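Have a look at the structure below before the remarks.
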Protein chains: 4
Amino acid sequence: MSNESQQPRVRILDTAYRLFLGQGYNSTGINQIIEEAEVAKASFYQHFKSKEDLCVGVLEKRHQYIEEQSQALSAQKRTPKMKVLASFDLISLLNEQEDFRGCAFLNILSEIPADNTKVREVIYAHKSNIRQHFKDLLQHAELADHIYLLYEGAFVESQLYRDQWPVNRAKKIANSLIS
Amino acid sequence: MSNESQQPRVRILDTAYRLFLGQGYNSTGINQIIEEAEVAKASFYQHFKSKEDLCVGVLEKRHQYIEEQSQALSAQKRTPKMKVLASFDLISLLNEQEDFRGCAFLNILSEIPADNTKVREVIYAHKSNIRQHFKDLLQHAELADHIYLLYEGAFVESQLYRDQWPVNRAKKIANSLIS
Amino acid sequence: MSNESQQPRVRILDTAYRLFLGQGYNSTGINQIIEEAEVAKASFYQHFKSKEDLCVGVLEKRHQYIEEQSQALSAQKRTPKMKVLASFDLISLLNEQEDFRGCAFLNILSEIPADNTKVREVIYAHKSNIRQHFKDLLQHAELADHIYLLYEGAFVESQLYRDQWPVNRAKKIANSLIS
Amino acid sequence: MSNESQQPRVRILDTAYRLFLGQGYNSTGINQIIEEAEVAKASFYQHFKSKEDLCVGVLEKRHQYIEEQSQALSAQKRTPKMKVLASFDLISLLNEQEDFRGCAFLNILSEIPADNTKVREVIYAHKSNIRQHFKDLLQHAELADHIYLLYEGAFVESQLYRDQWPVNRAKKIANSLIS
DNA sequence: TATGAATGAGTGTTCATTCAT
DNA sequence: CATGAATGAACACTCATTCAT
C-alpha cells in the first residue's frame with residue numbers, strides 16, 4: 001500500500017505516529033513529517049492547526065492501538081486474573097516490536113511544558129482508563145492500584161534497562177497478588 | 001547571596017539544574033541558561049563542552065541531592081523497613097517542593113535520543129543505585145524489585161496525576177509487604 | 001534595478017557571488033549574505049541546503065560567466081592561435097574588473113577542507129574544461145598543457161603581484177610557442 | 001624528543017606550521033594550536049601578538065624550509081640548468097611528503113583578506129625570491145619568468161589534480177627550454 | 001482545497017582576544 | 001614570565017508557523 005493511496009490527513013498522522021514514537025516529540029520537526037508524509041506544508045496546517053494539535057491526534061491514535069491490542073490479548077483469556085496478567089504481555093510485545101521505547105504517553109508527558117493542558121488531558125485520560133480497567137476487572141480498588149503501579153513501573157523501567165526483566169518481574173508479582 | 005558571589009561554573013550548574021528540572025531539558029536553551037546564570041556564552045563552553053555535557057553535570061548534581069536527602073530521611077529511621085519506607089517520603093517531599101515535576105532522570109530519559117550513551121549511563125547508574133539500595137536493605141532480591149517498581153511507578157504517576165495518591169498508596173503497600 | 005525586483009534565489013546567488021569573489025569564502029558569513037540579499041535566514045536555507053551547496057552554485061555561476069566571456073572574446077578571433085591568446089586577455093579583463101582577486105576556483109580550493117568532494121569536483125570540472133579547450137584548439141596535447149600551465153601560473157601570479165605583468169608575459173610566450 | 005623539551009615559542013610555531021599546512025589557516029583555531037602545543041592561551045599571546053602575527057612566523061619558517069630543501073637538492077647539481085630543474089623536484093617531493101597540499105604561500109594568500117599587508121609581504125618576498133633565483137641562475141629574464149610561471153602553475157595544478165603530472169610536464173618543458 | 005515560498009526567532013557552538021592573578 | 005578564566009561577536013543552521021496564489 002503506497003503512501004499516496006491514503007488521504008493526506010491519514011498519511012500525516014501515520015508518519016507523525018511513527019516518528020514521535022520512534023525518535024521523540026521534540027526531535028521530530030514538522031518538516032520531517034511533511035516530507036515523509038509527502039504532503040505540502042500548508043496542507044499540514046489545514047488538517048492540524050499546530051504541532052500540539054497533531055500530538056493530540058497521535059496520542060489518540062496510540063490510545064486506540066493500545067486498546068485494540070489489549071482487547072485482542074485479553075479476549076483469549078477467560079478469568080479476570082488472566083486478563084489482568086495479559087496487560088503485562090502487552091508491554092512485552094510493545095518492547096519487542098518497538099525496541100524498548102517505553103510508554104509514548106509518559107515520554108511525551110516529559111517532553112511537553114507542564115502547562116500544556118490539552119495534551120496532558122489526553123495522557124491523563126489514557127492512563128485513567130487503564131487504571132479503571134484494572135479496577136473493573138479486579139473489583140478491588142487497592143489491589144487494582146497496586147497492579148497499576150507495577151504496570152507503570154514495569155513499562156518505564158524496561159525502557160531504561162532495555163530489558164524485559166521489569167515486565168517479567170511485575171507480571172510474576174501480579175500473578176501472586178491476585179487470588 | 002547574590003548571583004555574582006558564586007563561581008561561574010557553579011552559577012551555570014545551579015541555573016541549569018533549576019531550569020532542566022523546572023521546564024525540561026529541550027525547552028531550556030543555552031541562551032536562557034547563560035542569561036540567568038549571568039555568564040558569557042563562551043564562558044559556558046569553557047566549563048562544559050556541550051549541552052549534553054552540562055546535562056550529565058546536572059544529573060550528577062541531582063543524584064547527589066537525592067542521595068543526601070535520602071540519607072537524611074533514612075538516618076532518622078532505625079529498622080531497614082522504616083528506611084525503605086522513608087524513600088517514599090522522599091518522593092512526597094520532592095513532589096511538594098518541586099510541584100510534581102516527577103523524576104528528573106526519567107524525564108530526561110524521555111527527552112534524549114535513544115543512542116545518547118553518556119546521559120543514559122548516568123541515568124542507569126542512578127536508578128541501579130536505588131534498586132541496589134532496596135536490595136541491600138531488604139536482603140531479598142524479589143521483594144526489593146517489587147518495592148523498586150512501586151517506587152518508580154509512584155514517582156511517575158504522581159507527576160501525571162499531580163497528586164500524592166500514588167506515593168501514599170505505594171508506601172502503604174510497601175509497608176504491608178515488608179515483614 | 002532594485003534588489004527586490006529579483007527572485008530571492010537569484011538575489012542570494014548574486015550576492016554570494018559578489019561576496020565570495022570579493023572577500024573570500026570563509027570571510028563571508030551567511031548573515032552578511034542574507035542581509036545584503038535582503039532575504040530571511042530560513043528563506044536562504046529553503047533555496048540552498050548549506051553554505052557548501054551555495055558555494056557550488058556560485059562556482060557554477062562563475063563557470064558560466066567565464067565561459068561566456070571566453071566565448072565572447074574568442075568569437076572575434078579567426079585562428080586557433082588567436083583564440084588561445086584571447087584566453088589571456090580574459091585574465092587581464094578579470095584582473096581589471098575585479099581588482100586582481102585571482103581565480104575564484106583556485107581561491108576556494110585553498111579555503112575548503114581537502115575532503116570536500118562536492119566543491120572540489122566543480123573546481124576540477126572547470127579547470128579540466130579549460131585544459132581541454134586548449135587541447136581542442138591546438139590539437140597538440142603537450143603544447144596545450146604548456147599553455148595551460150602558463151595560463152594558470154599567470155592567473156595566480158597576477159593576484160599575488162597585483163599586476164598584469166604575469167599575464168602579459170605569459171601571453172607573449174604563448175604567442176611565440178604556437179606556430 | 002617530547003613536546004615539553006622545547007621552548008613554548010618553538011612548540012607553538014611547530015604546531016601552527018603543521019596545522020596551517022595540513023588543514024588550512026582559517027580551519028585552524030587558536031585553541032587547537034595551544035592545545036596541541038601544550039601552552040597556555042596567554043602564553044601564546046605573549047609570543048605572538050595575534051594569529052596574523054603567528055601566520056607571518058609560520059610563513060617565515062616555511063620559507064626557511066623551502067630554501068633549505070631547495071639548496072640541498074640544488075647542491076648536488078653542477079650546471080645552472082640542472083639546478084633550475086631541481087626546483088621542480090622540490091615540488092614533487094613536497095607533493096609526496098605533504099599529500100598534494102599545494103603551495104602554503106598561495107593557499108594562505110587565498111585565505112586572508114586582500115588588505116592584509118603584513119602577510120602579503122611575506123608571501124610576496126618568498127615568491128620574488130624564487131623568481132629572482134631563476135633569473136640569477138639563467139641570466140635571462142624572459143626565460144626565467146617563463147620557468148617561474150611554469151613552476152607556479154605546476155605547483156597549483158598538482159594540488160588541484162592531486163597528481164604529479166603538472167610537475168612532470170613542467171619539468172620536461174623547462175628541460176627543453178633551457179639550452 | 002491545496003500549494004510552496006517566505007518568515008522571525010531561535011538552536012547549539014566556536015571565534016580571536018583580553019585581563020586579573 | 002606564565003596562567004586559565006572570561007568575554008562579545010559571529011558562526012552555520014533549524015524551528016513552528018503564515019500567507020499570497
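Keep in mind that the numbers below use all heavy atoms, side chains included, and drop hydrogens, waters and symmetry copies. All of these numbers come straight from a predicted model, not from anything done at the bench.
Rounded to a whole Å, the CD atom of C/Gln32 is 11 Å from the P atom of F/dA10. Between D/Gln46 atom CD and E/dC19 atom C1' the separation is 13 Å, expressed in whole Å. The interatomic distance linking B/Ile34 (CD1) with E/dG12 (P) rounds to 10 Å, in whole Å. If you take CG of B/Asp53 and C1' of E/dT13, they are 13 Å apart, rounded to a whole angstrom. Across the protein-nucleic acid pair, C/Glu35 atom CD and F/dA9 atom C1' stand 14 Å apart, rounded to whole Å. Atom pair A/Lys41:NZ and E/dA6:C1' shows a separation of 10 Å (rounding to whole Å applied). Atom CD1 of A/Ile12 and atom P of E/dT1 are 14 Å apart (whole Å). To the nearest angstrom, P of E/dA2 lies 10 Å from CZ of A/Arg11.
With distances taken from any side-chain atom of B/Ser50 to the nucleotides F/dA6, E/dA2, E/dT13, the minimum falls on E/dT13.
Under 3.5 Å, the side chains of D/Gln159 and D/Asn107 contain a donor-acceptor pair of N or O atoms. With hydrogens and angles left out, the side-chain atoms of C/Glu36 and C/Thr15 include no donor and acceptor closer than 3.5 Å.
For the pair C/Asn31 and F/dC11, the criterion of a side-chain N or O lying under 4.0 Å from OP1 or OP2 is met. Residue A/His47 has no polar side-chain atom (N or O) positioned under 4.0 Å from OP1 or OP2 of E/dT1. Between D/Tyr45 and E/dT17, a side-chain N or O to OP1/OP2 separation shorter than 4.0 Å is present.
Checking E/dT13 for Watson-Crick or G-U wobble geometry (two distances, each under 3.5 Å) identifies F/dA10 as its partner.
Side-chain N or O atoms of B/Lys51 include one that pairs as donor or acceptor with a backbone N or O of B/Tyr25 at under 3.5 Å.
Residues A/Glu121 and A/Val56 fail the side-chain proximity criterion, which asks for heavy atoms closer than 4.5 Å.
Backbone-only contact: B/Lys51 has heavy atoms under 4.0 Å from sugar-phosphate atoms and none from a base. Among the atoms of the strands shown, none is found under 4.0 Å from any heavy atom of D/Ser27. At a threshold of 4.0 angstrom between heavy atoms, the contacts of C/Ile30 are confined to the sugar-phosphate backbone, with no base atom among them.
Comparing A/Asn26 and B/Ser43 by the nucleotide of DNA chain F whose heavy atom lies nearest to each, the residue mapping closer to the 5' end is B/Ser43. When each of A/Ala42 and C/Phe44 is assigned the nucleotide of DNA chain E with its nearest heavy atom, A/Ala42 is the one assigned upstream, toward the 5' end.
The aromatic rings of C/Phe105 and C/His63 stand perpendicular to each other, their planes meeting at an angle above 60°, with 30° marking the opposite boundary.
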